[in-house]
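Worksheet for the structure shown next.
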Amino acid sequence: MKNRLPILVALVVLSLFVSACSAGAKLNGNAWELTAINGSAPISGTNVSLSFDEDGVAGSAGCNRYFGSYEVDGKKLSFGPLGSTRMACSEPEGVMEQEMRFLTLLGAAEGYKVKNGVLTITTAAGDTLTFAAEK
C-alpha cells in the first residue's frame with residue numbers, strides 16, 4: 001500500500017491539473033453572444049459579444065468595442081481591467097445603460113460554467129450573464 005500512495009497522489013494532482021486546463025480551454029478560442037442579463041434578454045437591435053483567445057478577451061458591448069485580460073482558475077473566472085472605445089449611441093433606446101451594466105457585471109465576474117453551448121458568468125452578488133456560442 002505504501003508503494004501505491006505516491007502514485008495515487010500523482011494521479012490526483014494530474015487529474016486536477018488537466019481539469020483546470022480543460023476548463024480554460026472551453027473558453028479559449030471561442031466567441032459568445034449575450035442572450036441574457038440576469039435572465040432578461042438584451043435590448044433588441046444590440047449585439048453584445050465576448051471572444052476569448054490566448055491574448056485576452058474582446059467584443060462588442062452593444063455600442064462600443066471592449067478588450068482586456070482574463071484569468072481562469074478552475075471554475076473561477078476574472079477579468080483584468082477592461083478598456084473600450086468611447087462612442088455614444090442614442091439608439092436603440094437604453095443601449096448605453098445596458099452597455100454600462102454589462103461591462104460592470106463582466107468586471108465583477110467570479111465564476112462560470114459552460115454547458116450545452118451556453119456560457120454562464122456569475123458574480124459574487126448572484127448576477128448572471130448568459131451567452132450562446134456564436135455559430
Side-chain angles (χ1 to χ4, degrees):
M1 181 69 176
K2 288 182 181 181
N3 291 338
R4 293 183 188 175
L5 186 59
I7 294 172
L8 181 59
V9 170
L11 288 173
V12 169
V13 170
L14 180 61
S15 174
L16 292 172
F17 177 76
V18 169
S19 177
C21 289
S22 66
K26 290 180 183 177
L27 297 177
N28 196 11
N30 288 314
W32 305 88
E33 182 177 351
L34 183 71
T35 58
I37 298 175
N38 289 326
S40 297
I43 296 170
S44 181
T46 61
N47 176 27
V48 181
S49 62
L50 177 63
S51 294
F52 295 88
D53 66 27
E54 64 276 353
D55 295 326
V57 64
S60 171
C63 175
N64 288 286
R65 304 277 313 155
Y66 68 93
F67 49 89
S69 62
Y70 74 98
E71 185 174 323
V72 174
D73 183 9
K75 293 184 178 183
K76 293 183 179 186
L77 172 65
S78 61
F79 294 89
L82 297 174
S84 72
T85 57
R86 298 206 171 255
M87 297 185 299
C89 298
S90 59
E91 291 186 15
E93 185 176 334
V95 67
M96 296 307 296
E97 292 81 6
Q98 174 182 275
E99 179 168 287
M100 177 72 79
R101 182 78 174 140
F102 170 74
L103 291 173
T104 299
L105 293 178
L106 203 59
E110 286 198 352
Y112 81 103
K113 69 178 179 177
V114 177
K115 185 175 181 181
N116 298 327
V118 175
L119 165 64
T120 304
I121 296 175
T122 55
T123 70
D127 293 302
T128 60
L129 297 170
T130 307
F131 299 84
E134 287 188 351
K135 308 239 183 221

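As a basis for the values below, the full set of heavy atoms in this structure was taken, side chains included, without hydrogen atoms, waters or symmetry mates. Worth saying up front: this structure is predicted, and the values here are computed from it rather than measured.
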| At what distance, to the nearest 0.5 angstrom, does CE of Met96 lie from CD of Gln98? | 11.0 Å
| Less than 4.5 Å apart, any side-chain heavy atom of Val72 and any of Phe52? | no
| said: I need the minimum non-hydrogen distance between Trp32 and Val118, along with the two atoms involved. | reply: CZ3-C, 4.1 Å
| remark: In this structure, CG of Leu50 is separated from CG of Leu34 (nearest 0.5 Å) by 9.0 Å
| said: Minimum heavy-atom separation for Thr122 and Tyr112, please, with both atom names. | reply: OG1-N, 4.4 Å
| field | Euclidean distance, Lys113 NZ relative to Leu119 CG, rounded to 0.5 Å | value | 10.5 Å
| task | Please round to the nearest 0.5 Å and tell me the distance separating atom OG1 of Thr104 and atom CD1 of Ile37. | result | 10.0 Å
| task | Write down the atom of Pro42, the atom of Thr35, and the distance for their closest heavy-atom approach. | result | CD-O, 3.2 Å
| query | Does one hydrophobic cluster hold both Val57 and Val114, with members joined at side-chain heavy-atom distances below 4.5 Å? | reply | yes
| query | Do Asn30 and Phe131 touch side chain to side chain, with heavy atoms closer than 4.5 Å? | reply | no
| Residue pair Ser49 / Glu134: nearest heavy atoms and the distance that separates them | CB-OE2, 3.6 Å
| said: Quick one, Asp53 and Asn28 - any side-chain contact, counting heavy atoms below 4.5 Å? | reply: yes
| message | Rounded at 0.5 Å granularity, tell me how far CG in Asp127 sits from CG in Leu105. | response | 5.0 Å
Which donor-acceptor pairs under 3.5 Å do side chains of residues 77-95 form with protein atoms, sequence neighbours excluded?
| from | atom 1 | to | atom 2 | distance (Å) |
| --- | --- | --- | --- | --- |
| Thr85 | OG1 | Asn64 | OD1 | 2.8 |
| Thr85 | OG1 | Arg65 | N | 3.1 |

